[in-house]
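Shown next, in structure tokens, is the structure this report addresses.
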Amino acid sequence: MRLVRRSRSRSSNDRDHGAGVLVAATGNAGKLAELERLLDGLGWEVVAQSALGVEPPPEDGLTFVENAIAKARNAAERTGRPALADDSGLVVDALGGAPGIHSARYAGPDAGDAANNEKLLRALAGVPEAERTARFECAVAWLRDPRDPVPLIASGTWTGRVLEAPRGTNGFGYDPLFLDPGTGRTGAELDPGRKDALSHRGQALRELRRMLAGAAI
Ligand code: ITT
């Protein structure tokens with residue numbers, strides 16, 4: 001994984017925001033790759049917080065937005081740079097919204113994607129197809145500094161359902177089990193550009209880009 005990457009190109013619709021360093025407040029390599037793609041062309045040098053020695057804060061908020069702000073604030077505080085964080089997760093109707101904000105650690109504090117996916121399949125064993133509806137949620141927060149009183153907040157939702165067996169090898173997390181009904185493909189069967197066009201994270205980052213275009217950043 002490259003930890004520092006300069007955006008390649010700038011479209012005429014993107015304002016020049018100063019091409020400074022933007023700290024990506026995430027330790028999730030799959031998420032970081034998507035954020036880098038979705039920030040491409042803005043002129044920011046995206047640096048992962050781990051490359052700057054930043055440890056993540058506790059995620060004890062009750063909402064995706066609270067956790068996104070906490071992660072971005074922590075990174076901005078420790079680096080003195082603007083920071084962007086994403087808090088996201090899979091909300092499954094038949095499980096009362098679980099794993100939700102606990103998606104990353106659904107199967108335990110050190111659980112990886114495979115264990116989380118296995119737990120999800122076990123929890124949904126016997127649940128018929130029509131009741132396996134789910135959605136990915138994503139909230140992103142951009143803080144100019146740790147005390148920024150008006151952070152930019154954007155969100156996105158991707159609706160689909162949970163399959164009974166994994167399909168595909170792209171993406172990360174629950175992608176192999178999440179079916180996008182419009183394409184008939186799982187998140188892990190979609191190529192990266194197609195996932196970005198549909199996903200909760202893609203929606204949130206496009207909204208954020210619209211905000212940045214009108215903000216004094
Ligand atoms: P950071 O907090 O360091 O960013 P994290 O993985 O702990 O990394 P979250 O707390 O936001 O991040 O949890 C997000 C989890 O939700 C992630 O680990 C996946 O299990 C799931 N998830 C979110 N977006 C996803 C996507 O696009 N595809 C598949 N799974 C996703």
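Computed from a predicted structure; not experimentally measured. These values consider heavy atoms only, across backbone and side chains, with no hydrogens, waters or symmetry-generated copies. Atoms within a ligand are numbered from 1 in the order they appear, just like the ligands themselves. Each residue takes its place number in the sequence, starting with 1.
- The side chain to side chain donor-acceptor pair (under 3.5 Å) contacts involving residues 107-122 comprise nothing, where partners must be two or more places apart or lie in separate chains.
- Proximity of a side-chain donor or acceptor of Asn74 to a complementary backbone N or O of Pro56 within less than 3.5 Å is not detected.
- By the 6.0 Å contact criterion, CZ on Arg185 is open, its count of non-hydrogen atoms from other residues, nucleotides or ligands being 12 or less.
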>> Quick one, Asp196 with Arg206, criterion salt bridge (charged side-chain N to carboxylate O under 4.0 Å, His left out). Give me CA distance, side-chain angles, the key distance, then yes/no.
In response: CA-CA 10 Å; Asp196 291 347; Arg206 284 188 290 280; over 6 Å; no

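- Among pairs with a residue in residues 184-207, those fulfilling ring pair (Phe, Tyr, Trp, His ring centres under 6.0 Å) read Phe136-His200, at least two apart in sequence or across chains.
- Judged as a side chain to side chain donor-acceptor pair (under 3.5 Å), the pairs with a partner in residues 158-174 (not counting sequence neighbours) are, in order, Glu129-Arg161, Trp158-Asp180, Arg167-Glu189.
- Within 4.0 Å of ligand 1, counting heavy atoms only, the contacting residues are Thr26, Gly27, Asn28, Lys31, Glu59, Lys71, Asp86, Asp87, Ser88, Gly89, Ser103, Ala104, Arg105, Phe136, Phe172, Gly173, Tyr174, Asp175, Lys195, His200, Arg201.
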